[in-house]
Number of protein chains: 2
Amino acid sequence: MLTDERHAVIQNLLHKSGIVKTQDLMNILNCSESTIRRDLDQLEKEGYLKRIHGGAKRIYQLDEELTTQEKSSKNIQEKQIIGKFAASLIEENEVIYLDAGTTTLAMIDFIQVGNITVVTNGIQHASLLSDYHINTILLGGNIKASTKAMIGSTSLRNLESYRFDKAFIGINGIDQEFGCTTPDPEEAAIKKLAIEQSANSYIVADQSKWNKVNFVRVCDIDDVSIITNLGDLDLTSYRENTTILEAK
Amino acid sequence: MLTDERHAVIQNLLHKSGIVKTQDLMNILNCSESTIRRDLDQLEKEGYLKRIHGGAKRIYQLDEELTTQEKSSKNIQEKQIIGKFAASLIEENEVIYLDAGTTTLAMIDFIQVGNITVVTNGIQHASLLSDYHINTILLGGNIKASTKAMIGSTSLRNLESYRFDKAFIGINGIDQEFGCTTPDPEEAAIKKLAIEQSANSYIVADQSKWNKVNFVRVCDIDDVSIITNLGDLDLTSYRENTTILEAK
DNA sequence: TAGATTTGATTGTTTTTGAATGAATTTGGT
DNA sequence: ACCAAATTCATTCAAAAACAATCAAATCTA
C-alpha cells in the first residue's frame, strides 16, 4: 500500500464520518501505528485534517450529522451491537449478500476483512460500501421509494446469477409458527431468493422483532441462523428449532 | 512489448485508478524494475504523471474526484439553468435515460410531466427520482466510488434490454475534432450504449466543457444534440456539425 | 555486420516502515 | 479532586523496500 493510497483512504473516511481512529486505520490499511501516525502528521501539516488524541478529525463541519441524541438512542445502539457482531462473521475472500435495512446498514462500519465482494439491494448500503472501497455489486431494477431498496423482477433476475457464502437478511417479524415475515411481497421475494442462493443465511433482528407476524413469509426459522440481542427475552423455546447467535 | 505499448498501458491504468505501483507494473508488463522505472521517468518528464515512492500517480485531479460538496457548488447556477431546460424536453409517457452526473442530477428537480419511466445509472439520481415518485429503474452492477455511478459489464448487460425515447448524457469534454470525451473508459462505455439505445440523445454540458478533450471518446458531436448555456462562447463553427440548444 | 538502442542485473544510497522506549494524556474508581 | 492504570504519543533505530546510477548483454536498425 503506497503512501498516497493510504492518504486517499484516510481522507475519504474522514470526509464520510468526520472522525477516524488510529486503531481503525491500522486495521483498514493493514499497517503499523507508526505509519498511521506519520500519515496523520503529514496530512495535518498539509492542512487536510486536525489531529486529536486517538486519531484525527475533519477540519470542516458538515451540518447533516446526527445529533448525539439520535446516535445514542437505544434503537441505534442495539443495531450497532448486532451489526458489529454480524460483521465479525464475515471472512476473507467471501462473497456476501447484504439485504437492505437499517441493521444491515450498521454492519458496514464494522467490516474489517479485506478482499470480499458484497452484493446488495440497498442503495445506501452500496454507496457506503463503495466509500470503504469494498468491492460492491448493486442489484438493478425498480426502487422502493420508502426504503431505497431495489425490488421487482429485474432485481430478482440480477440476483439469480450470484451465489453467496453468507447472506445477512433483515426482517420485520419472527414467530415460532409463522417463521420470518415482512410486509412487502416484493421485498420478501428478494430475501427469499437471496437465502436460497447462499450457503449460510443469517437473519439480523433486534429484540423488537420477536414474536411478531407480518404479511409475507420469507423463510422458516430453521432455514437460517438468527443474530439478535437477547435483552430480557426468553427464547429457549425457539432454540429447539433454530440457531440463535447472541450479539453483545 | 514496445516502449510505446507499455506507456499506453501505464497511462490507461493511471486514468482508471489514479495510482500505479512499480511492482504491479512489473507483473502486468512482464519486464524488469529498471524498465518500469525508466518508463515512469520518461512519462514524468513529458508531463503525463507524477512519480511517487513505489510508483506514480495522476498529475491532475479529475473533476469527478472533487468532493460532492465541491462539485455541487461548482457552476451550480449554470447546471440549474441547463437542467431546467433539459427537463422541459421530457414529454408524457416517454422512457428516459438519465446518465450519472451533477447536471443530470439538477434536471430531476424540474421534471414536471407525469407517467414517465426513467432509467439511470446514478445512485443519487435513482434515490431522488424515487422521492418524487417517478417510476425509476436503476442499472445493476459495480459502483464507481467517486461518482456513485453504476459501471461495468453487468450494468451494460442491464442497459441492453431497454430502449429510450430520449437520453440525457453528461460529458467532460466537447471538441470539434475529437467529439465528446470523458476520463473513465467504463463510464464511457455506458454512455455510448445509452446513446445507441435511444431515439434521441442530448448531451448536457455547461460552458466549461467546450473545447476540452478527455481520455475516451463517447460519441461524435453530430450523433447528438447538445444542451448548453452559451455564456460568452462563440460556437458558430460547431453549429455546422451539430444541433446546439441554448438554455437560458 | 557495425552501431545504436533497449533491456535486465548489480551496486550502493535513500526513503519508508515497524518495533521499542519512555513521556504525555485520558480514563475510571475512590 | 486525586491517584493509578491504560492508552496514546513522540522519538529513535534497525530492517526492509524502493531508488538512482552504471554496465554488460540482448535486440533492433541501417
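Per chain, numbering begins at 1; letters A, B, ... match sequence-line order. Atoms considered below: every heavy atom in the structure, side chains included; atoms not considered: hydrogens, waters and symmetry mates.
The distance from the CZ atom of Arg37(A) to the CG atom of Asp41(A) is 8.5 Å, given to the nearest 0.5 Å. Rounding to the nearest 0.5 Å places NZ of Lys16(B) at 11.5 Å from CZ of Arg58(B). Considering CD1 of Ile143(B) and OG1 of Thr136(A), their distance stands at 5.5 Å, rounded to 0.5 Å.
Taking atom CG of residue Leu40(B) and atom P of nucleotide dT7(C), one finds them 13 Å apart after rounding to whole Å. Going from atom CG of Asp24(B) over to atom P of dA17(D) covers 15 Å, rounded to whole Å. Distance, Gln42(B) CD to dT7(C) P: 10 Å, rounded to whole Å. Rounded to an integer number of Å, the gap from Glu44(A) CD to dC9(D) C1' is 13 Å. Atoms CD1 (Ile36(B)) and C1' (dA20(D)) sit 16 Å apart, rounded to a whole Å. Rounded to whole Å, atom C1' of dA10(D) lies 12 Å from atom NZ of Lys45(A). For the pair Gln23(A) CD and dA6(D) P, the interatomic distance rounds to 16 Å; values are reported in whole Å.
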Q: Between protein and nucleotides 14-27 of chain C, map the contacts as a letter string: B base, S sugar-phosphate only, - none, heavy atoms under 4.0 Å, written 5' to 3'.
A: -SSBBB-----SS-

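Phosphate proximity of dT8(D) to Thr22(A): absent, as no side-chain N or O sits under 4.0 Å from OP1 or OP2. Put simply, Arg37(A) has no side-chain N or O that comes within less than 4.0 Å of OP1 or OP2 on dT8(D).
A salt bridge links Lys21(B) to Glu5(A): at least one charged side-chain nitrogen sits closer than 4.0 Å to a carboxylate oxygen. Between Lys212(A) and Asp175(A) there is no salt bridge, since no side-chain nitrogen of the basic residue lies less than 4.0 Å from a carboxylate oxygen of the acidic one. Comment: Lys166(A) engages Glu94(A) in a salt bridge, judged by a side-chain N to carboxylate O separation of less than 4.0 angstrom. Salt-bridge formation is detected for the pair Asp131(B)/Lys148(A): a Lys NZ or Arg NE/NH1/NH2 atom is positioned less than 4.0 Å from an Asp or Glu carboxylate oxygen.
Counted by atom type alone, Gln176(A) and Asn241(A) present one or more donor-acceptor pairs between their side chains at under 3.5 Å.
Between Trp210(A) and Tyr238(A), the ring planes lie perpendicular to each other; the angle is over 60°, past the 30° to 60° tilted range.
Mapped onto DNA chain D by nearest heavy atom, Gly54(A) and Arg51(B) fall at different nucleotides, with Gly54(A) at the one closer to the 5' end.
Terminal axes of the helix from dT1(C)-dA30(D) to dT30(C)-dA1(D) (five pairs each, C1' rotation axis) are separated by 50°, to the nearest 10°.
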